[in-house]
Amino acid sequence: MLSNKRIQELELVMEFEKVEDCFKEVSSWIENVGRKRLKDTINLDDSLEMLLQAQKQFREFDLVASEYCRRGQEALKKMDRWEDFSSVDVHSYRVKLQTYKDQLEEFCTQLDENRHRICETVRLYEFFDKVRQGICCMEEGVKS
């Protein structure tokens with residue numbers, strides 16, 4: 001039984017090394033591109049036109065970012081079996097795996113939050129724009 005468990009652990013280590021390239025690529029993109037682009041969406045412009053432009057740019061970024069999130073999550077799924085192993089030999093791999101998982105979850109959560117915030121901000125600005133247009137029309141009607 002110990003021999004079988006040890007073989008399974010070695011197979012997991014070999015599998016981790018294959019999947020680690022994907023983790024490194026996703027992690028690198030998140031750190032070098034993703035986080036910077038998310039920071040750019042923190043300060044949204046004050047006009048509806050500029051906000052719609054920012055939303056369009058975010059949607060383009062969101063497509064790419066969502067693909068990286070999906071790839072990272074698929075790679076993590078391949079490593080689900082690590083939960084069953086607590087050997088000292090696999091501990092360092094579990095730590096790396098947890099680091100990748102935490103980074104990916106944090107980024108994906110921020111991406112979702114920004115997507116929702118931009119959408120809601122656009123809806124609010126569109127509402128206020130309609131109200132403003134309605135008030136202008138009412139004022140013109142009163143003047144006539």
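All residue numbers refer to positions in the sequence shown, counting from 1.
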Set of side chain to side chain donor-acceptor pair (under 3.5 Å) partners for Asn4, sequence neighbours left out:
none

Give a yes or no on whether a salt bridge exists between Asp112 and Arg115, defined as a side-chain N under 4.0 angstrom from a carboxylate O.
yes

Applying salt bridge (Lys or Arg N to Asp or Glu O under 4.0 Å), name anything that partners Glu74, two or more places apart in sequence or on another chain.
Arg70

Rounded to the nearest 0.5 Å, what's the gap from CD on Gln103 to CZ on Arg35? Could you check?
5.5 Å

Residue pair Gly34 / Phe61: nearest heavy atoms and the distance that separates them
O-CZ, 3.7 Å

Donor-acceptor pair, distance only, cut-off 3.5 Å: does the side chain of Ser66 make one with the backbone of Asp62?
yes

Is Glu120 salt-bridged to Arg123, going by a charged N under 4.0 Å from an acidic O?
yes

Residues forming a side-chain contact (heavy atoms from CB on, under 4.5 Å) with Glu113, sequence neighbours excluded:
Thr109

For Asp40, give me all partners under salt bridge (Lys or Arg N to Asp or Glu O under 4.0 Å), at least two apart in sequence or on another chain.
none

List for me each residue that meets side chain to side chain donor-acceptor pair (under 3.5 Å) alongside Arg71, sequence neighbours excluded, and say none if there are none.
Glu25

Do Glu20 and Lys96 meet the salt-bridge criterion of a basic N to acidic O distance under 4.0 Å?
yes

The criterion is ring-ring contact (aromatic ring centres under 6.0 Å, His included); which residues satisfy it with Tyr68, sequence neighbours excluded?
Trp29

